[in-house]
Number of protein chains: 2
Amino acid sequence: MNSIKQFYKQYLQNNKIRYSAQRDKILDVFLNMERHLSIAQIYELVRNKYSHIGYATVYRAMNLICKAGIAEKIDLGDGISRFEHKYGQEHHDHLICVNCGKFIEVIDTQIEELQRQLAKAHKFVLKRHKMQLFGSCCDCVKAAKQSLSVLAKDKQD
Amino acid sequence: MNSIKQFYKQYLQNNKIRYSAQRDKILDVFLNMERHLSIAQIYELVRNKYSHIGYATVYRAMNLICKAGIAEKIDLGDGISRFEHKYGQEHHDHLICVNCGKFIEVIDTQIEELQRQLAKAHKFVLKRHKMQLFGSCCDCVKAAKQSLSVLAKDKQD
DNA sequence: AATGAAACTGATAATCATTTTCACTTATTT
DNA sequence: AAATAAGTGAAAATGATTATCAGTTTCATT
Ligand SMILES: [Mn+2]
Ligand SMILES: [Mn+2]
Ligand SMILES: [Zn+2]
Ligand SMILES: [Zn+2]
């Protein structure tokens, strides 16, 4: 039925790691959650649904889920790790709005190809890369323009 | 004479921030240092040369130097901030060897242009970006091959 | 030169995300 | 069932960074 869960169970079995009730619940929450949530947010969701699960257990479970290749930890440099789905997802990079925190997932095959060429030119064996574009999303730009025009109007009066 | 120091003094003056002996020493160390050093490493260098300067003062001074636009803090996701020269330097991205930690500075104008287009396509007003390519540098690849062949020879014997 | 305000320093404490520890419980193997 | 291994949760530890605060230095004004 749930092929991801099957995959996870297989991974644990292969590595002689037990499949506990806590790990099951945390995986369920992760699989049903919005993208890019932090540990604190995942912990809250787990608590709401099941309670009585420790913070450290959520950390441990999410690290396992990452090791299994089902989640990926992403780091925006703000000191908070976020997690996103990786199983069956193709690689992508992020546009991040510095105002509202919105994530836009992007993949640009030309850039990816140029990255490979760049690494090759420096005799680098490329393992992974991180590309994050920070700026203001269209909604936030619109909102900023709006408030500017309101200010201008106030000045006129 | 030292135009960067002049620039720094001007920045501090403009912002009513004093130019102390500690700030002078820390700036000197930063200006003469290898690229991409951490606070701990800068602190060591400062200590060797002058001693009696507090850790917090180094943090504060480096943050100031960044605000002035002379240094830039870079984050590789390993929890350690590193600093590099920014004054008069053009933007660049990094190839980072996951084995030896070597940095290679790169700039690919095609990628930069594609990034701008990508942002535009999503109606994003781009402020800054981060691109880091992780892998093995040619020296580390060579070393790995070497040790592999040694192992193979051992097996033969 | 004296004075008072403002800025700076350095030691230390606080913060915050994450990891470790450890006594205890649960699952698996013998 | 007993022995062994793994997992859990609470609490402590860690490590980078920032905040606090009493004492010091600098600057401007008298
Ligand atoms: Mn994503
Ligand atoms: Mn650099
Ligand atoms: Zn936004
Ligand atoms: Zn290397």
Side-chain angles (χ1 to χ4, degrees), chain A residues 8-30 36-68 71-83 101, chain B residues 8-30 36-68 71-83 101:
Chain A
Y8 189 49
K9 281 181 180 171
Q10 194 59 55
Y11 171 85
L12 295 183
Q13 202 174 307
N14 293 346
N15 294 81
K16 294 174 186 58
I17 298 170
R18 291 177 190 159
Y19 190 76
S20 66
Q22 286 92 329
R23 287 178 181 157
D24 183 67
K25 290 168 183 173
I26 293 166
L27 179 62
D28 276 343
V29 165
F30 172 71
H36 312 120
L37 295 195
S38 66
I39 287 279
Q41 292 171 313
I42 296 169
Y43 174 74
E44 273 313 308
L45 291 176
V46 171
R47 272 294 176 114
N48 290 344
K49 245 184 151 175
Y50 308 105
S51 77
H52 289 308
I53 287 187
Y55 220 110
T57 302
V58 177
Y59 267 101
R60 288 187 279 233
M62 288 311 302
N63 285 341
L64 256 189
I65 291 171
C66 285
K67 270 191 192 159
E72 183 166 34
K73 197 185 281 191
I74 56 184
D75 165 39
L76 301 185
D78 62 353
I80 296 168
S81 293
R82 277 160 248 259
F83 295 84
Chain B
Y8 188 49
K9 282 182 178 170
Q10 193 59 55
Y11 171 84
L12 296 183
Q13 202 174 307
N14 293 346
N15 293 82
K16 293 173 188 57
I17 299 170
R18 290 179 189 158
Y19 191 76
S20 66
Q22 285 92 331
R23 286 177 182 158
D24 183 67
K25 289 168 182 171
I26 294 166
L27 179 62
D28 276 343
V29 164
F30 171 71
H36 314 121
L37 294 196
S38 66
I39 287 280
Q41 293 171 312
I42 296 169
Y43 175 73
E44 274 313 308
L45 291 175
V46 171
R47 271 295 176 114
N48 290 345
K49 244 185 150 174
Y50 307 104
S51 77
H52 290 310
I53 285 186
Y55 220 110
T57 302
V58 176
Y59 265 103
R60 287 187 280 234
M62 287 312 300
N63 285 342
L64 256 189
I65 290 171
C66 285
K67 271 190 193 160
E72 184 166 33
K73 197 184 282 189
I74 57 184
D75 165 39
L76 301 186
D78 62 354
I80 296 168
S81 293
R82 277 161 248 260
F83 295 85

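Just so it is clear: chains get the letters A, B, ... in the order the sequence lines come, proteins before strands, and each one is counted from 1.
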Next item on the list: Could you tell me which non-hydrogen atom of A/Arg82 sits nearest to which non-hydrogen atom of A/Ser38, and how far apart they are?
Entry: CG-N, 4.1 Å
Next item on the list: Quickly work out the B/Ile80 CD1 to C/dA17 P distance and round it to whole Å.
Entry: 19 Å
Checklist line | Sugar-phosphate, base or nothing in reach of B/Asn15, heavy atoms under 4.0 Å | finding: nothing
Checklist line | Touch class at under 4.0 angstrom, heavy-atom based, for B/Asp78 against every strand present | finding: nothing
Note to self: From CG of B/Leu12 over to C1' of D/dC27, roughly how many Å is that when rounded to an integer?
What the structure shows: 15 Å
Item checked: Toward the 5' end of DNA chain C, by each residue's nearest nucleotide, A/Gly79 or A/Ala56 -> A/Gly79
Notebook entry, point to check: Quick one: is B/Asn63 getting a side-chain N or O under 4.0 Å of the D/dT18 phosphate, OP1 or OP2?
Noted result: yes
Margin query: How many whole angstroms separate atom CD1 of B/Ile17 from atom P of D/dC27?
Written below: 14 Å
Notebook entry, point to check: NA contact type, A/Arg60, heavy-atom cut-off 4.0 Å: base, sugar-phosphate, or nothing?
Noted result: base
Checklist line | side chain to side chain contact (heavy atoms under 4.5 Å, CB included) assessment of A/Val46 paired with A/Thr57 | finding: CA-CA 11 Å; A/Val46 171; A/Thr57 302; over 6 Å; no
Check: Going through the checks in order, is the side chain to side chain contact (heavy atoms under 4.5 Å, CB included) test met by B/Asn15 and B/Lys67?
Finding: CA-CA 11 Å; B/Asn15 293 82; B/Lys67 271 190 193 160; over 6 Å; no
Item checked: Separation of atom CD1 in A/Ile42 from atom C1' in C/dA17, rounded to whole Å -> 14 Å
Notebook entry, point to check: Side-chain N or O of B/Gln22 less than 4.0 angstrom from OP1 or OP2 on C/dG10?
Noted result: yes
Note to self: Measure NE2/B/His52 against P/C/dG10 and give the value in whole Å, please.
What the structure shows: 10 Å
Item checked: Between C1' of C/dT9 and CD1 of B/Ile26, the distance in whole Å -> 10 Å
Check: Closer than 4.0 Å, any side-chain N/O of B/Ser81 to the OP1 or OP2 of D/dA16?
Finding: no
Next item on the list: With side chain to side chain contact (heavy atoms under 4.5 Å, CB included) as the test, would you mind laying out the steps for B/Ile39 and B/Tyr55 before giving the verdict?
Entry: CA-CA 8 Å; B/Ile39 287 280; B/Tyr55 220 110; 3.4 Å; yes
Note to self: Check the phosphate of C/dT9 against B/Ser20, side-chain N and O only, distance under 4.0 Å to OP1 or OP2. Yes or no?
What the structure shows: yes
Check: If you check the A/Arg18 side chain, which of C/dT9, D/dA5, C/dC8 turns out closest?
Finding: D/dA5
Next item on the list: In whole angstrom, give the distance that lies between atom OH of A/Tyr55 and atom C1' of D/dA12.
Entry: 17 Å
Notebook entry, point to check: Checking all strands, does A/Ser38 fall into the base, sugar-phosphate, or nothing category for heavy-atom contacts under 4.0 angstrom?
Noted result: nothing
Next item on the list: Write down the distance between CD (B/Gln41) and P (D/dT17), rounded to a whole number of angstrom.
Entry: 12 Å
Margin query: Does C/dT19 have its OP1 or OP2 closer than 4.0 Å to a side-chain nitrogen or oxygen of A/Tyr59?
Written below: no
Checklist line | Distance, nearest 0.5 Å, that separates OH of B/Tyr11 from CG of B/Leu64 | finding: 6.5 Å
